[in-house]
Amino acid sequence: MKTIYLGMRGDIVHPGIINIVREAAKRGEVLVGLLTDSAIAAHKRLPFLSYEQRKTVIEHIKGVGRVVPQPEWSYVPNLRKYRPDAIIHGDDWKSGPLRKERDDVFAVMKDLGGEVIEIPYTEGVNSAAFNEARRALGTTPDVRLKTLRRLVELKPVVRILEAHSGLSGLIIENLEIQKDDGVRSFDGIWSSSLTDSASKGKPDIEAVDLTTRLQDLTNILECTTKPIIFDGDTGGKREHFVFTVRTLERNGVSAVIIEDKTGLKRNSLFGTEAVQELCPIEEFCEKLAAGKRAQVTKEFMIIARLESLIAGFPVSDALSRAKAYCEAGADGLMIHSKEKSGADIKEFCDAFRASYPHIPIVLVPTTYNRYTESELAAWGARIVIYANHLLRASYPAMLSAASSILEHERSLEADSICMPIKEILNLIPQSNL
Ligand code: SPV
Ligand code: MG
């Protein structure tokens with residue numbers, strides 16, 4: 001009996017899958033290579049179901065012989081490992097992003113003396129169409145909240161970008177670029193105190209109260225499904241922070257980051273005159289621990305933000321604080337610095353990783369922006385936050401349009417730097433109910 005290899009995600013069982021399994025079963029024993037969660041997460045959105053759940057479903061489809069993990073996005077390593085007589089695939093991969101994958105598969109099957117079977121693609125009922133429908137449906141707070149921990153577990157580094165409005169949230173939700181190794185997109189959203197307050201024309205001094213921050217967050221929640229990390233400033237008083245934690249959880253936020261500063265909060269990247277005092281370690285630990293006791297779900301994350309380097313203290317101060325915060329229950333650590341070289345951050349990461357290999361490190365490379373995500377991941381970062389770029393990009397664009405109108409006393413010239421009205425209308429999801 002011949003072995004026919006069939007690679008799949010298997011998150012949604014639709015008639016297209018049943019059809020290809022049936023076609024494969026006519027030709028031999030069907031060996032399903034089921035993509036693992038991390039193989040999917042590296043290239044696409046997280047699957048709704050876990051690998052084990054998907055395996056249970058797929059191995060019960062009539063005609064499926066065996067299900068084995070496919071740990072790489074590429075079929076090639078599994079084809080070399082299992083040496084099937086043939087691989088079967090929909091003919092959609094003849095064009096578009098899967099073309100290179102197809103070439104590689106033809107090459108390896110030729111090498112192995114096997115066959116590539118291509119069958120007509122089932123239009124309209126595939127995973128891409130389902131994902132589109134899922135996006136239109138949105139998400140629930142519960143599902144969204146849990147996604148960040150899954151991403152941290154599955155991806156080498158989680159990529160987060162700041163949003164300060166529904167519109168900027170939509171960019172993070174929808175933007176995808178095609179790269180040689182697959183589709184690249186953002187994993188989640190940073191709700192920044194700096195960009196939220198700046199977009200309101202207010203200083204970043206914890207002046208925008210939580211209720212107002214949440215009203216703005218609601219706009220983002222309504223038009224996105226990706227996980228959200230909330231900038232909780234100092235977290236306020238311990239007695240207040242416990243309520244903040246519950247409010248954020250109720251809204252489906254995945255994590256809050258609070259910083260160990262005290263007194264009137266100032267933005268960390270402000271001039272040196274703004275250096276603030278650090279919170280006594282004990283007091284900050286108590287706040288973290290109270291937050292952990294208050295949370296209702298086990299997945300919500302409370303991340304402690306170390307301001308030692310910003311306040312002019314050495315890496316050793318950040319390290320001793322980091323250890324205390326972990327003991328107090330922090331689910332992750334964010335370390336911040338204004339240093340352009342990134343040397344202090346790297347030194348911290350090296351030393352911290354040696355004692356705490358599993359606690360996620362969060363980096364915000366605003367000043368040390370020459371490092372790529374994979375370089376930061378090699379230092380030990382598990383989450384990288386681009387904390388303010390959409391707001392900083394939008395202001396100069398608005399300024400140019402306004403200047404052009406002033407200059408020419410009409411808007412004709414400004415139109416070339418503006419999006420057509422039709423496109424902006426199409427950007428906004430319409431109800432299809
Ligand atoms: C924010 O985005 O509000 C932050 C990060 O807290 S930073 O501005 O770099 O301090
Ligand atoms: Mg902030």
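All values below were derived from every heavy atom in this structure, side-chain atoms included, with hydrogens, water molecules and symmetry-related copies excluded. In each ligand, atom 1 is the first atom listed, and ligand 1 is the first ligand listed. Nothing here was measured: the structure is a model prediction, and the numbers come from that model.
The atoms of ligand 1 that sit less than 4.0 Å from any heavy atom of S268 are 10 (O). Ligand-side atoms of ligand 1 in range of A387: 2 (O), range being under 4.0 angstrom from any heavy atom. Shown in contact with W190 at under 4.0 Å from a heavy atom are these atoms of ligand 1, numbered in order with element: 1 (C), 2 (O), 4 (C). Listed by number with element, the atoms of ligand 1 under 4.0 angstrom from any heavy atom of L269 are 9 (O).
At a cut-off of 2.8 Å, D231 coordinates the Mg ion (ligand 2) through an N, O or S atom. For the Mg ion (ligand 2), the set of nearby N, O or S atoms under 2.8 Å includes one belonging to S193.
Residue L194 touches ligand 1 through backbone and side chain together, judged by heavy-atom distances below 4.0 Å. Residue contacts with ligand 1, taken as heavy atom pairs separated by less than 4.0 Å, involve H336 solely via side-chain atoms from C-beta onward. Only the side chain of N267 comes within contact range of ligand 1, with a heavy atom under 4.0 Å; no backbone atom does.
Taking the charged nitrogens against the carboxylate oxygens, K200 and D196 do have a contact shorter than 4.0 Å, which makes a salt bridge. Salt-bridge formation is not detected for the pair E299/R149: no Lys NZ or Arg NE/NH1/NH2 atom is positioned less than 4.0 Å from an Asp or Glu carboxylate oxygen. Ion pairing between R45 and E173 holds under the 4.0 Å rule for side-chain N and carboxylate O. Looking at D260 and R305, no side-chain N of the basic residue comes within less than 4.0 Å of a carboxylate O on the acidic one, giving no salt bridge.
Looking from atom 2 (O) of ligand 1 to the surrounding protein, the closest heavy atom is S192 OG, 2.7 Å. When only non-hydrogen protein atoms are considered, atom 1 (C) of ligand 1 lies nearest to D231 OD2, 3.2 Å. Protein heavy atom at the shortest distance from atom 5 (C) of ligand 1 is R305 NH1, 3.8 Å.
Ligand 1 has no atom lying under 4.0 Å from any heavy atom of N388.
When ring centroids are compared, W379 and Y371 come within the 6.0 Å threshold.
With respect to Y75, the side chain to side chain contact (heavy atoms under 4.5 Å, CB included) criterion is satisfied by exactly one of L35, I87, V108: I87.
In terms of modelled atom types and a separation under 3.5 Å, the side chain of K287 and the main chain of T234 share a donor-acceptor contact.
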Steps toward side-chain contact (heavy atoms from CB on, under 4.5 Å) verdict (C326, L333): CA-CA 8 Å; C326 290; L333 287 174; 3.9 Å; yes
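Residues L145 and T140 have side chains not in contact (no heavy-atom distance under 4.5 Å, counting atoms from C-beta outward).
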